[in-house]
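Take a look at the structure below.
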Amino acid sequence: MKKMLDTLLEHHQPDNVLVAFDAGKTTFRTEMFADYKGTRAKTPPELLEQLPYIREMLDHMGLKWHEQDNYEADDIIGTLAKKAQSQDFEVIVVTGDKDLTQLADTHIQVDVTVKGVNEIKSYTPDYFEEELGITPLQLIDMKALMGDNSDNYPGVTKIGEKTALKLVQKYGSVKELYNHVDEMKKSKMKENLINEKEIAFLCYDLATIKVDTPLDFDLADTALQPQNSEQLVSFYQKMNFKSFLDKEVLDSQFDQNTQEEISYTVLNNEEDAQKLSDIVEGPVIFQLELFGENYHEADFVGFCLGINGKYFVSSNIELLTTSAIKQILESSRINKWVFDVKRTIVGLRRLGVTLRAVDFDMLLVSYLLNPDHNQNDLGELAQSYNYFDAKSDVQVYGKGAKKSLPDEDGLFEHLSRKARTIESIKSDLMKQLTEHNQDQLFDEIELPLAFVLAEMEIIGIKVQASTLQEMSVILSQQLQEIETKIYEQAGEEFNINSPKQLGQILFEKLNLPPVKKTKTGYSTSVDVLETLKKKSPIVSDILDYRQIAKIQSTYVNGLLKTIHSDQRIHTRYLQTLTATGRLSSVDPNLQNIPIRLEEGRKIRHAFVPSNEESVIFSSDYSQVELRVLAHMSEDENMQEAFKSDYDIHSHTAMKIFNLSSPEEVDGNMRRQAKAVNFGIVYGISDYGLAKNLDISRKQAQTFIDQYFAQYPKVKQFMDDTIDQAKADGYVETLMHRRRYLPDIHSRNFHLRSFAERTAMNSPIQGTAADIIKIAMINMQKALQDKQLRTKMLLQVHDELIFEVPKDELAIIEELVPQVMTSAIQLDVPLVVDSSYGQSWYQAK
DNA sequence: GTACTCACG
DNA sequence: ACGTACGTGAGTACA
């Protein structure tokens, strides 16, 4: 309700507003017809309870509301609409009730919400003419004949919407119809019409919305009043409206910090742009505005250049390619300050402009200062630093279906304010960066990495659609077969994809024992189904179905949708999202392409080199996280294992099972030791390890004790890290990437434990991320320096994927591992494994 | 929009 | 007694 009001006000920017309510159950209509709305369900009591609060909120918002005894809201609206129309207002009626569309007229538009409030259908006289061939007022004549079920008046027997429309089109009105009713051919309908003439006229009156309700207020009383932010804030507090509260507090802050004016110069044409040609010194603030998240394809909206405290804006994006501006952006001497450098590089490249010399990225810096601040919105981010110059994009453009561009002035002001925000916040953020000891992390890792990632995204990777399409055919067939089998065994058809329906079949109809519950019902996840496998053959079929359905929907069909016209997939790496410093990949995610199971792994056949002279080449770090742990903890035993190049899991097995030689380690011991190693990296707990290995907690605890006894400095490191988190409020990677852990002090066991595990895991996962990021930067530079044609295409956390011309293979097989292993100097060696082939599948 | 499930490191 | 292994993204169902 509140949300809808906000969007309406935002969208229409009205001068006058009235919200009308129904007063009560009895109106002049019930006097005319006792059963009027007789079948209508009682207003739900919870809505009734809310009404006084809604009215209070309207008061605070400065909106007039009204209800009137004996009349419906419709009549108030109808009367006011006509009154406003006669005084040359543009009227918009917003309602969920189609009946009101009869009010549509010149200068009166009726917007009916459909499907909740997300979609609106606008009714105008033209629309009526086009769609129905009648006027809005003739809707009343139709209703007179067909009646209205929801308002419970009958109309003429046997006449429904279709017939009513035909009759109204033919005769024009009910009155005219009855003037000519005798001339009609003999029919049952004619009889009904004649017999029920009185009913028809009664219904006509019932359907007619009053436009002469005696209102005790004037049009001027509906003028929008300034809203009372203070009262609204306390109202939201009282009502526990958290989401609106935040917005209101922010808005009122905007009010209080009466925004400083901003002026800008509009660049209208090339001549205007050319006037910027004497710029030889930076910094230049540059804001490139796109409409949509995916900058590989989003529309260009405009740009702003901030130069010497002046702001130059334009929505003519071509002006970026005029020599004056292009020179500024491509100059390696003039420094540029931006928000989201990677987005800016890719966007400009689409215009043939190569961005160089960026030395400040507000998004990147604030992410490093605190990775929880991963807002991709300049305004919101600035507001969190108490800079109230720029609004958020949602405040300016709106959200969801309502998202749209403001007028040109609004847009230019927004862009200029964004540029000014980047400019004014810079010294503050850079100062904090230095205080955090993160200058190197920004200058030498994240900022150069953004350029490397941009190139990878722009190049993309070739994906053979035909390979996926062939898979799709086979998978569909398999799905069909399994589906039939499952329905047979279940004795009925149901939606296998619905956990709810599946749960009912398995645990209620087939009476299998429910192993685990979720918040909403039975769990049907893999581990549950695995334990039920032996109880009923249907379970295996469901597991098979799940596996294939996943491949089909997410990978085959999902990937097909993302192939561009150049036959390539251009993912976007999110560089400022994860809490640990890893990248993530979206649209599509190329970091979770199946590999563990053969069926899914086949997807990788579709990822191929650009041409037959090249191969896909892949190198991955072996056990980076454990090596990082060995380094950071300085544990001699663990370091020894890596220095001697032992199999780390077997080595751990020997330690925790007290064996004296590697030969004594059997497969099961190694498997368990591997799980313990993983657990350590995740921030071990007996509970988690027990669950993973399906052993008792006690036994898990024994493993852990044994592990820490054998790797004592690992234990020490874990304890120290938690202590540090408690003392400083954050933990750090080797390169000083930070993660804050406020929950470390929580009295809530669950939250505190989580924070403790995070404290142990983040420095390890994050340092591994630092390392591969350095490797990527060095790798790109090496390729460039050596003028190789090899392209770096993808990163999957501990793995880099390249496209390599065969004549460069020999060099690359040496170069990549060399660069990756030397990215950083640890107390233990880094090890890299490589492979290549004619597709990503073969590069294993 | 949230819950569930499952793909990856 | 408490009760979760760490970090992600996407498809589907359902309110």
Side-chain angles (χ1 to χ4, degrees), chain A residues 3 116 118 243 371 374 399-400 494-503 516-529 542-543 545-559 561-562 571-574 577-597 599-601 603-604 620-625 629 675-693 697 700 704 739 747-766 768-769 772 794-799:
Chain A
K3 220 170 168 178
N118 293 323
S243 56
N374 52 12
K399 225 181 9 190
F494 64 101
N495 189 344
I496 307 168
N497 289 317
S498 161
K500 195 173 155 203
Q501 293 182 37
L502 182 61
K516 207 169 72 178
K517 273 193 280 187
T518 66
K519 274 184 244 175
T520 51
Y522 311 108
S523 170
T524 65
S525 60
V526 227
D527 45 327
V528 171
L529 295 189
I542 289 165
L543 283 166
Y545 178 91
R546 282 255 180 92
Q547 200 200 338
I548 298 171
K550 174 82 179 178
I551 298 170
Q552 176 78 311
S553 66
T554 305
Y555 296 104
V556 175
N557 295 337
L559 284 177
K561 276 184 236 160
T562 66
T571 186
R572 280 157 50 228
Y573 289 103
L574 305 187
L577 182 135
T578 70
T580 54
R582 273 189 177 183
L583 300 175
S584 88
S585 158
V586 292
D587 294 341
N589 182 356
L590 292 185
Q591 291 182 321
N592 71 347
I593 303 301
I595 189 165
R596 292 172 191 166
L597 299 172
E599 292 87 336
R601 190 174 197 156
I603 293 286
R604 294 177 176 231
D620 66 290
Y621 283 113
S622 161
Q623 311 292 351
V624 241
E625 293 190 343
L629 176 61
V676 178
N677 276 329
F678 268 96
I680 292 291
V681 170
Y682 291 155
I684 195 104
S685 74
D686 54 355
Y687 186 88
L689 182 64
K691 212 174 108 195
N692 189 276
L693 280 178
R697 260 175 64 184
I704 295 169
R739 180 172 185 179
R747 269 93 54 219
N748 178 320
F749 171 85
H750 172 60
L751 290 179
R752 191 178 61 249
S753 307
F754 192 12
E756 287 172 358
R757 289 196 300 277
T758 312
M760 296 185 267
N761 171 264
S762 291
I764 301 170
Q765 191 183 115
I772 197 165
L794 302 174
Q795 188 251 42
V796 192
H797 308 306
D798 64 356
E799 177 187 13

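For the numbers below, each heavy atom of this structure counts, side chains included, while hydrogens, waters and symmetry mates do not. Residue numbering restarts at 1 for every chain, and letters A, B, ... go by the order of the sequence lines.
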With respect to the phosphate group of C/dT4, does any side-chain polar atom (N or O) of A/S685 fall under 4.0 Å of OP1 or OP2?
no

Using whole Å, what does the distance between atom C1' of nucleotide C/dA5 and atom CD of A/E625 come to?
13 Å

Which residues satisfy the salt bridge (charged side-chain N to carboxylate O under 4.0 Å, His left out) test with A/R697, sequence neighbours excluded?
A/D686

According to a strict under-4.0 Å criterion, is A/R546 in side-chain N/O contact with OP1 or OP2 of B/dC6?
yes

Give a yes or no on whether the backbone of A/L559 and the side-chain of A/T562 come within a donor-acceptor separation of less than 3.5 Å.
yes

Classify the nucleic acid contact of A/I593 as base, sugar-phosphate or nothing, counting any heavy atom under 4.0 Å across all strands shown.
sugar-phosphate

Please determine if a side-chain N or O atom of A/R757 lies less than 4.0 Å away from the OP1 or OP2 oxygen of C/dG7.
no

Reckon A/R596 touches a base, only the sugar-phosphate, or nothing at all at heavy-atom distances under 4.0 Å?
base

Separation of B/dC4 atom P from A/I496 atom CD1, nearest Å, is 20 Å

Rounding to the closest angstrom, what is the interatomic distance between C/dC2 and B/dC6 at atom P?
28 Å

Check for me: is A/Y687 stacked on C/dG3 by the 5.5 Å centroid and 30° plane-angle rule?
yes

Contacts of A/S585 meeting side-chain hydrogen bond (donor to acceptor under 3.5 Å, both in side chains) (sequence neighbours excluded), chain-then-number -> A/T571

Donor-acceptor pair (no angle test) under 3.5 Å: A/R697 side chain, C/dG3 base
yes

Round to a whole Å and report the spacing from OH of A/Y573 to P of B/dG9.
14 Å

Pair A/E599 + A/R604: basic N to acidic O under 4.0 Å
no

Qualifying residues under side-chain hydrogen bond (donor to acceptor under 3.5 Å, both in side chains), relative to A/D587, sequence neighbours excluded:
A/R572

Under 3.5 Å, side chain of A/N761 to main-chain N/O of A/V681, donor-acceptor pair present?
yes

With rounding to the closest Å, how many angstrom separate the P atoms on C/dA5 and B/dT5?
13 Å

Using a heavy-atom cut-off of under 4.0 Å over every strand shown, decide if A/A755 touches base, sugar-phosphate, or nothing.
nothing

For DNA chain C, just give me the dot-bracket, please: Watson-Crick or G-U, both distances below 3.5 Å, ( ) intra-strand, [ ] crossing earlier pairs, | paired with another strand, . unpaired.
.....|||||||||.

Can a side chain N or O of A/S753 be found less than 4.0 Å away from OP1 or OP2 on C/dC2?
no

Assign each of A/H797 and A/H750 to its nearest nucleotide of DNA chain C by heavy atoms, then name whichever residue's nucleotide is nearer the 5' end.
A/H750

Who are the ring pair (Phe, Tyr, Trp, His ring centres under 6.0 Å) partners of A/Y573, not counting sequence neighbours?
none

A correct 5'-to-3' footprint of nucleotides 8-15 of chain C, with B, S and - meaning base, sugar-phosphate only and no protein heavy atom under 4.0 Å, is SBSSSSSS

